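Note on naming: letters A, B, ... go to the chains in the order of the sequence lines (proteins, then strands), and numbering restarts at 1 for each one. Remember, it's a predicted structure, so these values are computed and weren't measured experimentally.
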Amino acid sequence: MKSYLTPFLSEALTAICSPFGAEVPSEITLEIPRNAEHGDLSTNVAMTLAKALKKNPREIATSLVESLKSRVDATIVTDISIAGAGFINFTFAKDFYGKRLSAVIAEGAKYGENKQGSGVKANVEYVSANPTGLLHVGHGRNAAIGDTIANILVWNGYDVTREYYFNNAGNQMNNLGRSVHLRYLQHFDANVEFSEEDKGLYHGEYIKDIAQTLVVKHGEVLKEPNEANLTTCRKAAEEWCFATIRATMKRMNIHHDVYFNEDSLYTDGKVNDTIEHLRDKGVVYEKDGATWLALSKMGMTDDRVIIKSSGEPTYRLPDIAYHHDKLSRRKFDLVVDIFGADHIATIPDVMAAVETLGEDKSKVRVVIHQFVTLMKDGEQVKMSKRTGRSYTLDDLMEEFGEDVTRFFFIMRGVSTHLEFDLNLAEEQSEKNPVFYLQYAHARIASVLRTAEERGVTIAATANTALLLHPSEIDLIKLVLRFPEIVSRAAETLEPQGIAEFLRDVAAAFHKFYHDCRILGEADDIMQARFALLNAAKTVLKNGLSILGISAPEKM
RNA sequence: GCACCCGUAGCUCAAUUGGAUAGAGCAUCUGACUACGGAUCAGAAGGUUUGGAGUUCGAAUCUCUACGGGUGCACCA
């Protein structure tokens, strides 16, 4: 549609602008109007030009329309009109849409793919939970958003690396080892204290499970709280947690290509390189026995410590080194970070430092998602009824299934607080938005199945120009829009747009199904409708696959 | 106190990134196939987009301000 009109539009614009010596706008916005009465496509160029040409918008629009009418094929564009303050609306011939369907079916599982990211190396980092416990609902949102964004980029032709950054060094891990050791000791002596006050300790039930495995494997030999034994506890805990996290991810249909170990930044000397590099730039100084990063020289108000007086770096330093590594050594053109709202504070620091190191910070895009609250009967819940402990990601999948869980995490904009409605998730019915989409897909599959059972053959080609019913045209319009939606999602890095779109497709299909019979119609109509069914099915299936959700043939 | 995110129908959220009459789902009320899956469809009702000011042809969207909610402001990660 747009590609058909754009050349004519620029010709007409040139003709109008050049006498005034005004610049022809390089990008002409052609939009699909929200209101169908305004035609199939609409442009606001006349309004945007009003100032430069010093004429009123409607006047410009009038001459544009005249000029356009003499250029376009009137059997394709049936009407060009002016409306409102100076919008120009285009109406296409009714069979215009139907004629384009065959391309959709031909592309099949690839329909919706774009090439805009071709040759661009992208890295998406998500989940990145430290191996100190189980994944909870917040991680779930992060995982679903990150994985879906990675899918979106793949669909747009990017060369995508899915990455998990984890920290198995530092105090947290020591505390984890200590926690396990205490639980281990409790196994032999119930009087051992496990202080509820000690904030460093991990209290979850899984700590006891890990301790139990150590009892079975090592017996009593780890009782002495020396370095070696604590290390054994720590390693066992780390392995257990990490294996559990990976199992949860796998269940959610998520895999990472790279598990980036924070440790490696030290062993490879990247942290040292980074600090030397920063020192060369003159933004590092010593004070009170610690090493500071002069953020005030980079436009921020407060300087921050990057190496503590104890000699240990703060988290900021490896974060900077890590981002520098992604940009400078591994040469990613696009670095996407998926963070929870609690990480918001560190981002400007890291970005400023990365820029100081000479990298282009516009290559880094940070997606910050807000928190998740679980709601039931209008009240916030923290504990799982099933396990009696706080909800983990596995609990959600156990109760509601993987599809529902993933969908609920991405169906809202990332920047809004997410209310995860447990009542709604539980609902195996019309109310549940996931089933609405899946049902549409299953229903199409069912019609095609029934046709086969009745011995009706579905022809390879059909005269789709016969699809002229308003419900048919509405559905076709949406089907044809899919590639644009996929492309947009890559620009906004918002998975939600795809979910919203698929809902529209499903709704348009259900309406079409209600209004138009398929089996039993005259053969040419029936075949044309089969073609439409196949196209709609393709869009639903491909769209759901981007979201990481199954498209069932039966429900 | 400072910074960031958010405030849209009774509830949960959209709104093509500044466009035309602000749209969906749930909840409420009323209807619809002896036919391809009723997990569906149609209709009614529901709004001063938190208040106020500004920017312009045009504002839910941008700016300022007030109010309300969330998050973060360590030599923790």
Considering just the side-chain nitrogens and oxygens of [X], establish if one lies under 4.0 Å of OP1 or OP2 belonging to [N].
X        : N      : value
A:Lys287 : B:rC75 : no
A:Arg34  : B:rA22 : no
A:Arg304 : B:rC73 : no
A:Ser446 : B:rG37 : yes

### Task
Take the angle between the ring planes of A:Phe339 and A:His343 and call it parallel below 30°, perpendicular above 60°, tilted in between.
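Correct class here is parallel.
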Counting side-chain heavy atoms from CB outward, which of [options] is closest to [X]?
X        : options                : value
A:Arg517 : B:rU21, B:rA77, B:rC36 : B:rC36
A:Met555 : B:rC36, B:rA39, B:rA20 : B:rA39
A:Val305 : B:rA20, B:rC75, B:rA39 : B:rC75
A:His343 : B:rC6, B:rA77, B:rC75  : B:rA77
A:Asp342 : B:rG72, B:rG38, B:rA20 : B:rG72
A:Thr450 : B:rA20, B:rG37, B:rC13 : B:rG37
A:Asn130 : B:rA77, B:rA74, B:rU17 : B:rA77

### Where the chi angle of B:rU17 falls, syn if within 90° of 0 and anti if not
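B:rU17: syn glycosidic orientation.
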Work out how far the [atom1] atom of [N] is from that of [M], and round it to whole angstrom.
N      : M      : atom1 : value
B:rC29 : B:rG52 : C1'   : 38 Å
B:rC26 : B:rA22 : P     : 22 Å
B:rA60 : B:rA14 : C1'   : 11 Å
B:rC33 : B:rC6  : P     : 47 Å
B:rU61 : B:rU8  : P     : 13 Å
B:rC5  : B:rU65 : P     : 14 Å

### Task
Answer yes or no: is there an ion pair linking A:Glu494 with A:Arg488, defined by an N-O contact shorter than 4.0 Å?
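A:Arg488 and A:Glu494: not salt-bridged.
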### Query
Ion pair present between A:Glu419 and A:Arg412, side-chain N to carboxylate O less than 4.0 angstrom?
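Salt bridge between A:Glu419 and A:Arg412, a charged N being under 4.0 Å from a carboxylate O: no.
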Under 3.5 Å on both distances, the Watson-Crick or G-U partner of [N]:
N      : value
B:rA44 : B:rU28
B:rU55 : none
B:rA22 : none
B:rC33 : none
B:rC4  : B:rG70

### Query
Is the ring centre of A:His38 under 5.5 Å from the base ring centre of B:rA20, and are the two planes under 30° apart, so that they stack?
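Yes, A:His38 stacks on the base of B:rA20, since the ring centres sit under 5.5 Å apart and the planes are within 30°.
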### Query
Does the ring of A:Tyr436 meet both stacking tests against the six-membered base ring of B:rA39: centre distance under 5.5 Å and plane angle under 30°?
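Stack criterion not met.
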### Query
Looking at the rings of A:Tyr322 and A:Tyr165, which for Trp means the six-membered one, are their centres under 6.0 Å apart?
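Between A:Tyr165 and A:Tyr322, which both carry aromatic rings, the centre distance is below 6.0 Å.
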